[in-house]
Amino acid sequence: MAYVGAIDQGTTSTRFAIVDHAGTFVGMAQKEHAQYMPQPGWVEHDAVEIWANTEAVITAALADAGLDRTDLAAVGLTNQRETTMVWDAATGEPLAPAIVWQDTRTDALCRELGGDHGLDRFRAKTGLPLATYFAGPKLRWLLDNVDGLRARAEAGEVRFGTMDSWVMWNLTGEHITDVTNASRTLLMDLATLAWDDEILEIMGIPKSVLPRIVPSVGLIGRGRGVLDGIPIAGILGDQQAAMFGQACFDPGDAKNTYGTGCFLLLNTGTQAVQSTKGLLTTVAYQVATGKPRYALEGSVAIAGSGVQWLRDQMRMISDAPEIEPLAKSVEDNGDVYFVPAFSGLFAPYWRSDARGVIAGLTRFSEAGHLARAVLESVAYQSRDVLEAMEADAGVDMVELKVDGGMVVNELLMQFQADILDVDVVRPTIIETTVLGAAYAAGLATGFWSNADELRKHWAEDRRFESSMDEGQREALYASWQKSVAKSLNWIE
Ligand code: ADP
């Protein structure tokens, strides 16, 4: 068996990739699923569609590579994090649409749960602020709002899970989640890696609905159906998987992933570093019975989805790559700034009252300036989190490894290096998320023997170095900060 497979159940699509021993992709298939936005601020997925797509992409990728499932030594899973669902324990039928991580319906609930203690009520234990982003309050919302759900949950008839749990339930029959996904619920104690009884009590969540927490790298069980009999051996939340795929195994290693959102993670080793600057403390991974490794994370809600907005809602471009020539049609941003606070602002601000702003418009402004402002907003937001990270961890970053769908955009990469004044380093493989899940499954089953072997797969494609003078850099960043201030206090 010369290959390892990996499922990537993402926010906009699901893929299956097959890699060989050298870490080279030999087969891949991808399928998008529908995004339901039934009200402003709400985002939902159909979990049945997602599972059907998962089966379809596995079959298609195997066919693409001319392989049979029995050619796979193991299969791993990575997934969009925090997206929350409930299903019937007996029939496996979803009991409500899945609530996506970007959904803001739990805003008032989060404030209520914080009460007099404020939004950092559970931070010491969980590493997270109370925010609409995380799974726990979404589960509480379902228990409060889906007819009869709480009674059925208390009778032991309901299963809760993030998308890893849902895929694993369908693939192996196990009701499990891995430590990285569990660390995004606001329900798990980072030190003990167990559900926290006190928080469950305050949140009003019956323990019987929760999955069993397992390590990220380790044998889970055997697949069924399309992967019948194949060892399923790893789960990592998407950002943790990207970190794994970038071979960020040592304390001090960091990566920034530019996809739907933007996620900067710094490996802090066996230390769970608490943030005072608005970052998250999260589990990076855990290998079988070993000690967990932790990360500091700066999560930005809108990055590539700002480009999608320009395409689908503003109709200024017809596909995402067109943003680059449009942005290059003007010399600079023309003093236009775009703050994509569509679902409030995540790290380091955590302001659910913020909404999107286009600042600095004049009669001179044109589409090219807005395109540039959309791209630049991704770089400014990354600087916001990088500065917070340097302060929290007491490190001075000299280079940043990048990955994700947006890093093909060279204008963005160059601007990122300019505005950070650090080297931005793009590897040859930018599909690090799905690669990381393959690495996890391959390590668990002995397909790869250790991290060193994986480090050797990493190779630099291109390095972007800053070529902007200090005065210009700081003037641009000051205008960005002014624009952020204008986005705040929109929702009363
Ligand atoms: P995810 O895994 O979060 O679904 P990907 O890593 O696949 O995201 O990246 C897709 C995102 O990248 C989309 O939001 C898309 O708008 C954006 N994108 C793709 N190509 C480009 C490009 N050339 N320039 C800017 N953005 C791009």
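Note that these values count all heavy atoms, side chains included, but never hydrogens, waters or copies made by symmetry. Atoms within a ligand are numbered from 1 in the order they appear, just like the ligands themselves.
From the protein, the heavy atom lying nearest to atom 1 (P) of ligand 1 is T260 OG1, 3.5 Å. Protein heavy atom in closest approach to atom 17 (C) of ligand 1: M406 CG, 3.7 Å. The protein atom (non-hydrogen) at minimum distance from atom 21 (C) of ligand 1 is A320 CB, 3.8 Å. Of all protein heavy atoms, the one closest to atom 24 (N) of ligand 1 is N409 ND2, 2.9 Å.
Proximity of the aromatic rings of H21 and Y3 is defined here by a centroid distance below 6.0 angstrom, and this criterion is not met.
Where the criterion is an N or O separation shorter than 3.5 Å, residue side chain and backbone included, G304 meets it with respect to ligand 1. An N or O contact shorter than 3.5 Å links G405 to ligand 1 by distance.
Here atom 23 (N) of ligand 1 lies nearest to P321 when heavy atoms of P321, G306, G261 are compared. Which of A242, G259, G10 comes nearest to atom 11 (C) of ligand 1 through a heavy atom is settled by distance: it is G259.
Between the R311 side chain and the A320 main chain, no donor and acceptor come within less than 3.5 Å of each other.
Heavy-atom distances between T11 and ligand 1 stay at or above 4.0 Å for every pair. Distances from ligand 1 to the non-hydrogen atoms of E324 include no value under 4.0 Å. At least one heavy atom of S305 lies less than 4.0 angstrom from ligand 1.
Side chains of Q416 and Y258: a donor-acceptor N/O pair is present below 3.5 angstrom, by distance only.
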Item to complete: Run the numbers on E55 and T59 for side-chain hydrogen bond (donor to acceptor under 3.5 Å, both in side chains), then give the verdict.
Response: CA-CA 6 Å; E55 289 186 295; T59 307; over 6 Å; no
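Less than 4.0 angstrom separates some heavy atom of V408 from each of these atoms of ligand 1: 23 (N).
Residue E331 places its CD atom among 12 or fewer non-hydrogen atoms of other residues, nucleotides or ligands, all under 6.0 Å distant.
Of the residues listed (V395, V273, T281, T282), the one engaging T268 in a side-chain contact (heavy atoms from CB on, under 4.5 Å) is V273, and it is the only one.
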